[in-house]
Amino acid sequence: MTLTQELQVILFKPQASIDLQGGMALSEQMAGVVPQPHQLWVIDLAEVNFMDSSGLVPLVKGLKAARQRGCRLVLCNVQTPVRLILELTQLDSVFEIFDTYEDIFTTVKDDNLALVG
């Protein structure tokens, strides 16, 4: 018997601004999905050109919920204005950030891997 577990990817694609209103919409979207172990949550920010401090709340809440359930949450396609907010708040060191959606699957980022030798 062979048992394989495929990675289930949940993709969120907010648009325009993640401010108070946009943040609430993203929070509602994320609340509609129950994190499961071994899921990969991807927040694709390609179409987000503005984010303020209230927009950080759903990202941090989502990351916390994902981690508590053994799920992984990553960001990709982060535009310069949004990256600046993440850097100013030092959240760029908290989130896994990839340049493109494809990079998520071609770059190995596994904290459980160790080099032996």
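What you see below is based on every heavy atom in this structure, not just the backbone, and it leaves out hydrogens, waters and symmetry mates.
In this structure the side chain of R72 reaches within 4.5 angstrom of the side chain of E96, judged on heavy atoms.
Residues meeting the ring pair (Phe, Tyr, Trp, His ring centres under 6.0 Å) test with F50, sequence neighbours left out: none. In this structure, the side-chain contact (heavy atoms from CB on, under 4.5 Å) partners of R69, at least two apart in sequence or on a different chain, are V34, P35.
For the pair L86 and V78, the tightest heavy-atom approach, listed with the atom from each and the gap, is CD1-CG1, 4.1 Å. Across all their heavy atoms, L45 and P14 have their closest contact at CD2-CG, 3.8 Å. L73 and L63 get closest at one heavy-atom pair: CD1-N, 3.8 Å. Across D92 and E87, no two heavy atoms sit closer than the pair OD2-CG, 3.5 Å. The heavy-atom pair separating Q39 from C71 by the smallest distance is O-SG, 3.4 Å. Here the shortest heavy-atom pairing between S54 and L20 reads OG-N, 3.1 Å.
Heavy atoms from other residues, nucleotides or ligands lying under 6.0 Å from CD of Q21 number 12 at most.
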- request: Starting from the C-alpha separation in whole Å, work towards a yes-or-no answer on side-chain contact (heavy atoms from CB on, under 4.5 Å) for V42 and C76.
  value: CA-CA 7 Å; V42 177; C76 69; 3.8 Å; yes
field: Chi angles and distances behind the side-chain contact (heavy atoms from CB on, under 4.5 Å) call for N77, D99
entry: CA-CA 5 Å; N77 294 314; D99 290 334; over 6 Å; no
message: Let's go through N49 and Q79 carefully: what are the C-alpha distance in whole Å and the side-chain angles of both, what is the deciding distance for side-chain contact (heavy atoms from CB on, under 4.5 Å) to 0.1 Å, and is it a yes or a no?
response: CA-CA 6 Å; N49 53 21; Q79 304 303 306; 5.7 Å; no
- request: I would like to know whether I104 and V9 meet side-chain contact (heavy atoms from CB on, under 4.5 Å); could you show each step before the answer?
  value: CA-CA 11 Å; I104 297 167; V9 178; over 6 Å; no
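In this structure, I43 is a member of the same hydrophobic cluster as I85, with clusters built from ILVMFWY side-chain heavy atoms closer than 4.5 Å. Cluster membership for I97 and L91, using ILVMFWY side-chain heavy atoms within less than 4.5 angstrom, is shared. When the side chains of ILVMFWY residues are joined at heavy-atom separations under 4.5 Å, either directly or via intervening members, I10 and I18 end up in a single hydrophobic cluster. Side-chain heavy atoms closer than 4.5 Å link hydrophobic residues (I, L, V, M, F, W, Y) into clusters, and following such links, possibly through other members, connects F98 to L11. Residues V60 and V57 are members of separate hydrophobic clusters, defined by side-chain heavy-atom contacts under 4.5 angstrom among Ile, Leu, Val, Met, Phe, Trp and Tyr.
Between the CG atom of L26 and the CD atom of Q15 there is a distance of 11.5 Å, given to the nearest 0.5 Å.
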